[in-house]
Amino acid sequence: MTISLPTSTRAAVLTAHGEALTLQEIPLPAEIEAGAALVRVACTTLCGTDIEIWHGKMTFPGMLPMVLGHEMVGEIVALGPGTSDALGRSLAVGDRIGWSESTCGQCFGCTVLREPVACSKRGYGFLQRSDVAPYATAGLAEYAYVTPGAAKLLLPEEVKDTWASMAGCAAKTVLRAFQRAGGVRPGSRVVVQGSGALGIFATAVAHLSGAGTVITVGAPAERLAAARRFGADAVVDIADGSEATIARVLELTDGQGADLVLDFAGAPSVGPEAIAMAAQRGTVVVVGSTGPTGQPITLSAIMGKELTLVGSLNGDISDYYRAIEFFRAFAERMPWDELFSEPVGLSQASAKIATMSALGEIKAVIDPRLP
Ligand SMILES: [Zn+2]
Ligand SMILES: [Zn+2]
């Protein structure tokens, strides 16, 4: 046709864990397959996983060089034949879409379990070498190739780029965790462990879901102050250690503990603390514990309190869609924009990973269109 498409893209590439990302020109696929799209990225928000991969705390053997960033939105510049979004809505050049991981639809997890999070071939930008086709599927690039199997959503206008980006991983992960727990009983007591992006968003979700008391447990003080602005009725600083943290939560819950405890922290002590802070017949959701080990938990306490223990892993297209609708429904109810830093270009992505790693900001925002 007459319009010439870009054949390569600028990208911030991770070549070695712990080292600065390098700006490189990497190839784009020459042909756009049926069901795929080429997108000009408008916004990428960094997630804790990006930071962990950068550090090398989370590694995928043989996957370097890679492009980080898996929470992003952009504008379609080209489409393969028959490409639609996950709800079957037809897409056109110029449409604003968000997209997330790809699933195969054919494996045991996809077909028998019917759980996309259990797909054995889940595809992410960080599971794609930037020197192997289709090269650029992640967010820290000016253009990204959205594969046929990727979950794509045509975005409603009311949902800002930053919010929609965050919906792609952090927000959907939180909503799935609440859903896995069976939701929030109106008037009940909820403890959120963690005051990072997930913990603060979870605080808001608990509040907006009708919790009677939301207690956010974390650090440092500025993060806990932010949690208060997102609906925490009380906050507990973990600086004084496990025993003091547990004692304070029990004090705030009339000695009973919380009906629902959600781990968005992942520190080694979250398991035993969650069990100790949970009320009789309470529910504990483990969702932030990506590390290899945690401190031992007391099985007799789980039995004695008749606790329900639930694991929750990331989220799927359903959770992603609901996260978008959540932001749309509650756009005015929380100061969402406080979660996000001022957007910067790809050249500053490395610096942003460093500040996020040092808890200097909650969610860094990269706009690859900026210089
Ligand atoms: Zn699958
Ligand atoms: Zn993520």
Side-chain angles (χ1 to χ4, degrees), residues 12 14 35 41 43-60 63 66-73 86 98-128 137-141 144 147-153 161-177 194 196-202 205 262-266 286-291 312-320 322-324 327 339-341 349 352-353 356-357 361-366:
L14 178 69
V41 180
C43 176
T44 295
T45 50
L46 294 178
C47 164
T49 301
D50 295 312
I51 313 300
E52 290 196 359
I53 295 172
W54 175 76
H55 270 299
K57 285 181 191 162
M58 194 185 278
T59 54
F60 303 97
M63 281 299 161
M66 66 162 72
V67 181
L68 295 172
H70 56 276
E71 297 183 345
M72 61 260 148
V73 305
W99 71 100
S100 187
E101 74 285 351
S102 62
T103 48
C104 76
Q106 293 177 326
C107 70
F108 188 85
C110 284
T111 56
V112 178
L113 301 176
R114 293 181 188 150
E115 285 291 352
V117 299
C119 176
S120 59
K121 293 178 189 152
R122 256 178 139 215
Y124 274 102
F126 56 76
L127 296 175
Q128 171 67 53
T137 59
L140 292 184
T147 60
K152 309 165 192 70
L153 284 177
D161 284 352
T162 45
W163 307 359
S165 295
M166 180 177 172
C169 181
K172 77 175 179 188
T173 298
V174 169
L175 290 186
R176 184 182 182 89
L198 274 75
I200 293 174
F201 185 73
V205 173
L262 304 113
D263 145 45
F264 291 103
V286 183
V287 53
S289 292
T290 52
S312 188
L313 174 65
N314 190 224
D316 59 23
I317 180 63
S318 164
D319 306 301
Y320 183 18
R322 290 179 195 281
I324 295 290
F327 276 117
L339 297 172
F340 306 98
S341 308
K352 287 293 176 184
I353 286 175
M356 257 181 83
S357 176
E361 42 199 296
I362 300 172
K363 255 187 144 32
V365 180
I366 312 297

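Read the numbers this way: they start at 1 and go in the same order the structure lists the ligands and their atoms. Only this structure's heavy atoms are used, side chains among them; waters, hydrogens and symmetry mates stay out.
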R122/E115 salt bridge by N-O under 4.0 Å criterion:
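Looking at E115 and R122, the cut-off is not met.
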To 10 degrees, how wide is the angle SG (C107) to the Zn ion (ligand 1) to SG (C104)?
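Between SG of C107 and SG of C104, at the Zn ion (ligand 1), the angle is about 110°.
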Locate the shortest heavy-atom distance separating [X] from [Y]; write the atom from each residue and the value.
| X | Y | value |
| --- | --- | --- |
| T49 | H70 | CB-CE1, 3.8 Å |
| S341 | K352 | CB-NZ, 4.2 Å |
| E101 | K172 | OE1-NZ, 2.7 Å |

Can the ring centres of F201 and F327 be said to be less than 6.0 Å apart?
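They qualify: ring centres under 6.0 Å apart.
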Ignoring hydrogens and geometry, is there a side-chain-to-backbone donor-acceptor pair from K363 to L46 under 3.5 Å?
yes
Show all protein N/O/S atoms under 2.8 Å from the Zn ion (ligand 2), or state that there are none.
C47 SG, H70 NE2, C169 SG
